[in-house]
2 protein chains.
Amino acid sequence: MITIGIVEDNDVLRSSMEMLLQNNGNYQVVFSLHDARTILEQTEIHMPRLILMDIDMPGINGIEAVKMVKKDFPAVDIIMFTVFEDDEKIFRSVMAGASGYLLKKIAPSRLLEALNDFVQGGAPMTGSIATRVLEMFRKQTKQTSAEFNLSVKELEILTALTEGKSYKTIAAERFLSTETIKSHVKNIYVKLHVHSKSEAVAKAFREKII
Amino acid sequence: MITIGIVEDNDVLRSSMEMLLQNNGNYQVVFSLHDARTILEQTEIHMPRLILMDIDMPGINGIEAVKMVKKDFPAVDIIMFTVFEDDEKIFRSVMAGASGYLLKKIAPSRLLEALNDFVQGGAPMTGSIATRVLEMFRKQTKQTSAEFNLSVKELEILTALTEGKSYKTIAAERFLSTETIKSHVKNIYVKLHVHSKSEAVAKAFREKII
DNA sequence: TTAAAAACCCCCCGTTTAGGGGTTTTTAAA
DNA sequence: TTTAAAAACCCCTAAACGGGGGGTTTTTAA
């Protein structure tokens with residue numbers, strides 16, 4: 001028997017969800033809220049295995065509610081159940097700690113399926129959402145980019161620059177003269193098309209050289 | 001009728017996959033390769049809707065193959081089909097351009113289901129993989145961190161610093177004296193606990209302030 | 001209303017940097 | 001064995017920076 005909490009401001013929908021879950025036999029709805037205001041108390045009292053959470057609600061929005069619950073009860077899994085399918089909402093939900101993301105347009109039978117899958121350690125999201133997440137993931141962590149043909153030494157020194165070290169420090173650390181470091185830095189600037197330490201550091205981060 | 005290509009070095013498994021797909025009626029296996037050496041030619045000739053790709057293969061490994069195919073034929077979707085479920089492999093596959101990731105331990109019926117889902121714009125991965133991706137995603141893009149209580153102006157100036165601008169330039173851009181910029185920068189340094197432009201820029205990136 | 005931030009401005013001084021010009025020695029490939 | 005980078009070193013100069021002072025005026029929030 002899987003305990004489940006529901007937070008959904010649309011009363012009609014919430015009742016349907018309750019019914020759907022209760023009738024299934026595998027689920028026990030331990031709380032069913034119109035908004036997230038009492039979510040912490042309810043969670044503490046009933047300790048559901050998972051929570052189905054709407055996003056657009058009066059008072060506290062669903063994403064904020066996820067943060068709150070996850071902070072106090074990290075073991076409780078929360079699945080967003082919403083009409084929104086924009087990257088922003090998905091992204092923020094995942095960041096907040098949501099374990100899943102289902103769209104309301106899903107058929108009731110599929111909802112149950114998805115929940116069952118999830119409980120068995122499985123699919124926590126609609127296919128289209130999974131695709132979105134993959135894409136966001138891909139974008140976020142784009143490739144190491146062109147290496148700008150930096151030599152090993154140059155990369156080493158660039159890294160040191162990102163640590164805020166001065167030429168003198170870098171030189172001292174590897175028993176070289178500051179002039180050596182300077183000429184390396186000059187070469188780095190030429191290769192990166194920059195004209196100062198801060199620009200070089202910024203480029204190093206932006207281009208994921210570091 | 002969905003055209004599909006298979007790349008899998010285990011001949012027994014490959015035959016089973018072929019049979020499974022052909023018998024289903026919805027799929028037409030247009031090529032079935034023991035390794036990825038001829039993948040580009042085969043893809044060019046048959047232009048499958050999607051490719052099922054093993055990872056561990058003699059010659060070219062599956063992830064390299066994905067890169068090759070995606071480079072020349074970005075429209076072809078590739079789904080990894082593998083025994084590996086470690087983050088590293090998943091990560092690299094997604095980065096290479098794989099649209100899905102299925103584990104070989106999946107039941108044949110579920111494989112068909114997953115493929116069908118995928119073709120309908122849906123779930124391109126096993127549930128456990130989706131969970132992993134979510135976790136990786138969460139880790140990658142960790143929170144915006146403490147804001148260091150930077151004022152709006154300070155944030156503005158910090159941003160300008162990351163663009164490699166000098167005090168003079170920043171001052172000129174907003175019709176302020178360079179001394180004003182200097183004192184703002186001083187305050188930024190105090191708040192970030194740094195002592196130079198490059199350190200400030202580095203911290204800005206590392207702490208995702210920018 | 002009032003006190004604290006935030007934003008603004010200025011001076012000094014020593015250090016660091018950026019860009020310009022070089023030379024010599026390793027190192028690695030042709 | 002030749003050759004070409006890469007790495008290491010040097011000098012000079014002007015500009016930029018960092019840290020230390022000293023202030024005034026707006027905003028903003030109790």
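So that the names make sense, note that chain A is the first sequence line, chain B the second, and so on, each numbered from 1.
Rounded to whole Å, the distance from CD1 on A:I157 to C1' on C:dA18 is 15 Å. For B:H184 and D:dT24, the NE2 to C1' distance is 14 Å, given to the nearest whole Å. For the pair B:I188 CD1 and C:dA7 C1', the interatomic distance rounds to 12 Å; values are reported in whole Å. Atoms CD (B:E199) and P (C:dT16) sit 14 Å apart, rounded to a whole Å. One atom, CG of B:L150, and another, C1' of C:dA7, lie 14 Å apart when rounded to the nearest Å. Note: CZ (B:F175) to C1' (C:dA7) measures 17 Å, nearest angstrom. D:dC9 atom P lies 14 Å from atom CG of A:N187, rounded to whole Å. For the pair A:E156 CD and D:dA8 C1', the interatomic distance rounds to 14 Å; values are reported in whole Å.
What you find for B:D77 and B:S99 is that their closest heavy atoms are OD1-OG, 3.1 Å.
With 3.5 Å as the limit, one finds no donor-acceptor pair spanning the side chains of B:T131 and B:S128. A:R49 and A:T3 form no side-chain donor-acceptor contact under 3.5 Å, judged by distance and modelled atom types alone.
Dashed line: the shortest gap from a side-chain N or O of B:Y167 to OP1 or OP2 of D:dG18 is under 4.0 Å. Between B:K168 and D:dA15 there is no side-chain N or O to OP1 or OP2 distance below 4.0 Å. Applying the 4.0 Å criterion to OP1 and OP2 of D:dG19, one finds that B:Y189 has every side-chain N and O outside that range.
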Got a list of protein N/O to nucleotides 10-14 of chain C N/O distances below 3.5 Å?
{"residue": "C:dC10", "atom": "OP2", "partner": "B:S177", "partner atom": "OG", "Å": "3.4"}
{"residue": "C:dC11", "atom": "N4", "partner": "B:E179", "partner atom": "OE1", "Å": "3.2"}

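Considering only side-chain atoms of A:L176, the nucleotide from D:dA16, D:dA8, C:dT16 that sits closest is D:dA8. Candidate nucleotides C:dA6, D:dG18, D:dA7 were compared by shortest atom distance to the side chain of B:K197, and D:dG18 ranks first.
Between the side chain of B:T38 and the backbone N or O of B:E41, no donor-acceptor pair lies under 3.5 Å.
Ion pairing of A:K165 with B:E199 is absent here, as no side-chain N (NZ or NE/NH1/NH2) approaches a carboxylate O to less than 4.0 Å. In summary, B:K104 and B:E8 engage in a salt bridge, as defined by a charged side-chain N under 4.0 Å from a carboxylate O.
Ring geometry for A:F137 against B:F137 counts as perpendicular: the plane angle is over 60°, on a 0 to 90° scale with 30° as the lower cut.
Contact check for B:L40 versus B:E44: no side-chain heavy atoms found under the 4.5 Å cut-off.
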So what is the 5' to 3' dot-bracket string for DNA chain D, if pairs are Watson-Crick or G-U wobble with both distances under 3.5 Å, crossing pairs use [ ] and | means the partner sits on another strand?
.|||||||||||||||||||||||||||||

Show the numbers, then the answer: is there a side chain to side chain contact (heavy atoms under 4.5 Å, CB included) between A:I6 and A:V29?
CA-CA 7 Å; A:I6 300 173; A:V29 178; 4.1 Å; yes

